[in-house]
There are 2 protein chains.
Amino acid sequence: MSVIFNYGMPGLIALLPSALRTRLVALAVPLRYRDKQHIQSRGDRTQGLSIIQSGAVCFGKVDSEGRFMTAAVFEAGQCYGEFTLFAGLPRTHDGYAEGDTVISYVSKARFDQLLDEEPSLGRIYNSLLTIRMHYLLEWLDDLRRYPLKYRLGKTLLMMQAEAGTGRIDITQGALGEIMGVSRVAVAKVLADYRRRGFVRVVYGGLEIADEAALRDWLGTFAAVESIAPLVPLFPALGQG
Amino acid sequence: MSVIFNYGMPGLIALLPSALRTRLVALAVPLRYRDKQHIQSRGDRTQGLSIIQSGAVCFGKVDSEGRFMTAAVFEAGQCYGEFTLFAGLPRTHDGYAEGDTVISYVSKARFDQLLDEEPSLGRIYNSLLTIRMHYLLEWLDDLRRYPLKYRLGKTLLMMQAEAGTGRIDITQGALGEIMGVSRVAVAKVLADYRRRGFVRVVYGGLEIADEAALRDWLGTFAAVESIAPLVPLFPALGQG
DNA sequence: CCCAAACTGTAAACCGGTTTACATTCTTAT
DNA sequence: ATAAGAATGTAAACCGGTTTACAGTTTGGG
């Protein structure tokens with residue numbers, strides 16, 4: 001049930017015109033993290049913008065029983081830290097690297113200065129935040145309305161579109177974490193998909209065996225409009 | 001399960017310095033709607049900013065069975081239409097007036113011009129969108145983690161804080177719609193609260209009988225930090 | 001004043017997820 | 001080659017919600 005901020009959703013990198021991107025990155029310090037390395041804690045007071053150059057960052061919180069619950073995964077091209085930049089909040093989530101990860105970090109002071117010099121940066125941020133809000137609301141709506149056997153199929157189609165290849169390398173446990181459900185629930189749905197001939201499950205991943213059939217079947221739950229990458233939904237954001 | 005964009009969350013009106021507020025409202029056309037009157041449809045192409053002066057607007061979508069599902073309720077002081085302003089999207093939700101409602105409507109052309117003349121407006125919008133995102137994520141987190149008997153209590157406390165008085169005038173059906181659950185589920189929780197002495201249920205509403213006890217009991221589920229109005233959470237946004 | 005409409009209370013059957021448990025299969029390191 | 005670890009498959013008991021149903025209560029309009 002965590003939001004994956006990717007799958008065709010444009011990130012800051014994609015939205016910035018290249019000149020501005022160059023200036024912004026020039027202000028940044030590169031930070032390197034190894035897989036699973038801790039990046040930030042809920043409550044931290046560091047203020048600044050982080051841009052993910054490679055790898056991914058997993059955000060979440062520890063619940064009262066001490067278990068980590070994923071809220072969102074941000075992949076390369078996405079940025080985070082707006083809460084500290086625009087609302088003066090402390091970090092609201094714990095974050096760790098998902099795979100070896102490189103981050104460009106821009107301090108709040110430097111970011112604010114660039115924001116003064118380049119009003120277009122503010123505009124772009126308005127767009128970015130709006131897009132995220134839209135994406136979040138769509139995803140939330142799916143969550144309310146549709147059962148796992150719809151949401152998982154939709155997610156798999158998006159993953160495949162993102163990956164390009166037919167093979168999706170992810171364990172059922174990780175899938176469960178992303179969808180916010182247990183491994184068992186994922187396995188049940190995949191068993192059903194397997195019987196229907198939609199997927200082939202292999203050790204440590206799966207393949208979409210019949211994409212068209214899966215897409216059709218998902219269509220019986222809901223219009224599958226938004227399974228396509230999201231970019232075409234944002235006509236205002238042609239190039240970046 | 002719909003988001004109520006209020007309960008101490010600052011809206012555009014609260015964030016704008018008064019001079020800018022005056023300028024913005026001067027650009028607006030007032031629109032009046034009666035209770036339950038239709039305001040917009042998903043897919044509409046009108047672009048502009050709407051500021052709720054009084055009343056409230058309920059947003060949602062019709063699902064495949066034709067039932068309306070509420071996604072969010074915006075109250076006086078809040079604005080909407082950012083998706084059309086910043087991302088060029090058509091309206092993503094149906095909207096209708098909840099109570100007699102007056103809206104200040106600013107066309108995209110006029111808004112864009114003001115945005116050019118007043119860079120601070122863009123900054124304020126960055127803050128506003130950030131706050132909303134934060135609020136949404138918090139709320140989503142509650143939704144994942146905690147059962148209705150926690151969420152409903154928290155919502156009632158917020159409603160009471162907002163209303164000021166002890167009496168909360170809302171039917172159980174409407175409560176269910178807000179919480180995104182059935183009326184029966186609400187009634188079950190309220191029956192339990194009644195037995196525990198937290199609330200008194202009356203026709204068409206309820207009263208918090210023992211706020212301290214309710215708050216304590218909710219504290220056994222989770223730290224109740226965010227039940228207080230949200231404004232103090234945003235130190236960067238002192239005055240507006 | 002009374003009836004219709006709106007609202008509340010509660011029960012029963014159901015459903016989609018959870019947790020726990022355990023057997024099985026696949027991979028990798030030694 | 002094999003043992004250990006990781007991942008999958010599946011079943012059972014459980015739980016928090018849903019839907020449906022119906023009876024009882026309150027309110028407001030004619």
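Hydrogens, waters and symmetry mates play no part in the numbers below; they use all other heavy atoms, side chains included. Model, not experiment: these values are computed from the prediction.
A/D169 pairs by the side chain to side chain contact (heavy atoms under 4.5 Å, CB included) definition with A/R167, not counting sequence neighbours. In this structure, the side chain to side chain contact (heavy atoms under 4.5 Å, CB included) partners of A/T46, at least two apart in sequence or on a different chain, are A/D44, A/R91, A/Y105. Under the rule for a side chain to side chain contact (heavy atoms under 4.5 Å, CB included), the partners of B/D100 that lie at least two apart in sequence or sit in another chain are B/R34, B/D35. Here A/Y33 pairs with nothing under the ring pair (Phe, Tyr, Trp, His ring centres under 6.0 Å) rule; sequence neighbours left out. The ring pair (Phe, Tyr, Trp, His ring centres under 6.0 Å) test applied to A/F68 returns A/Y96, not counting sequence neighbours.
Applying the salt bridge (Lys or Arg N to Asp or Glu O under 4.0 Å) rule to pairs touching residues 199-209 of chain B yields B/R200-B/E207, sequence neighbours excluded. Every pair tested for ring pair (Phe, Tyr, Trp, His ring centres under 6.0 Å) that includes a residue from residues 158-178 of chain B fails, sequence neighbours excluded, so the list is empty. Among residues at least two apart or in separate chains, there is no ring pair (Phe, Tyr, Trp, His ring centres under 6.0 Å) pair with a member in residues 165-184 of chain A.
Protein chain A contacts DNA chain C from C/dG17 to C/dT27, reading 5' to 3' and using non-hydrogen atoms of the protein with a distance under 4.0 Å.
Residues from residues 183-208 of chain A that place a heavy atom under 4.0 Å from any atom of DNA chain C, listed by number: A/R183, A/V184, A/A185, A/K188, A/Y203.
Under 4.0 Å is where a charged nitrogen must lie from a carboxylate oxygen, and between B/K36 and B/E98 at least one such pair does.
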Distance-only check: which donor-acceptor pairs under 3.5 Å involve side-chain atoms of residues 186-194 of chain A, not counting sequence neighbours?
{"from": "A/D192", "atom 1": "OD1", "to": "A/R196", "atom 2": "NE", "distance (Å)": "3.3"}
{"from": "A/D192", "atom 1": "OD2", "to": "A/R196", "atom 2": "NE", "distance (Å)": "3.0"}
{"from": "A/Y193", "atom 1": "OH", "to": "A/K149", "atom 2": "O", "distance (Å)": "2.2"}
{"from": "A/Y193", "atom 1": "OH", "to": "A/G153", "atom 2": "N", "distance (Å)": "3.0"}

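One end of the helix from C/dC1-D/dG30 to C/dT30-D/dA1 points its axis 30° away from the other end's axis, with each axis taken from 5 pairs and the angle rounded to 10°.
Note on B/T171: only backbone sugar-phosphate atoms sit closer than 4.0 angstrom, heavy atoms only; bases stay farther off.
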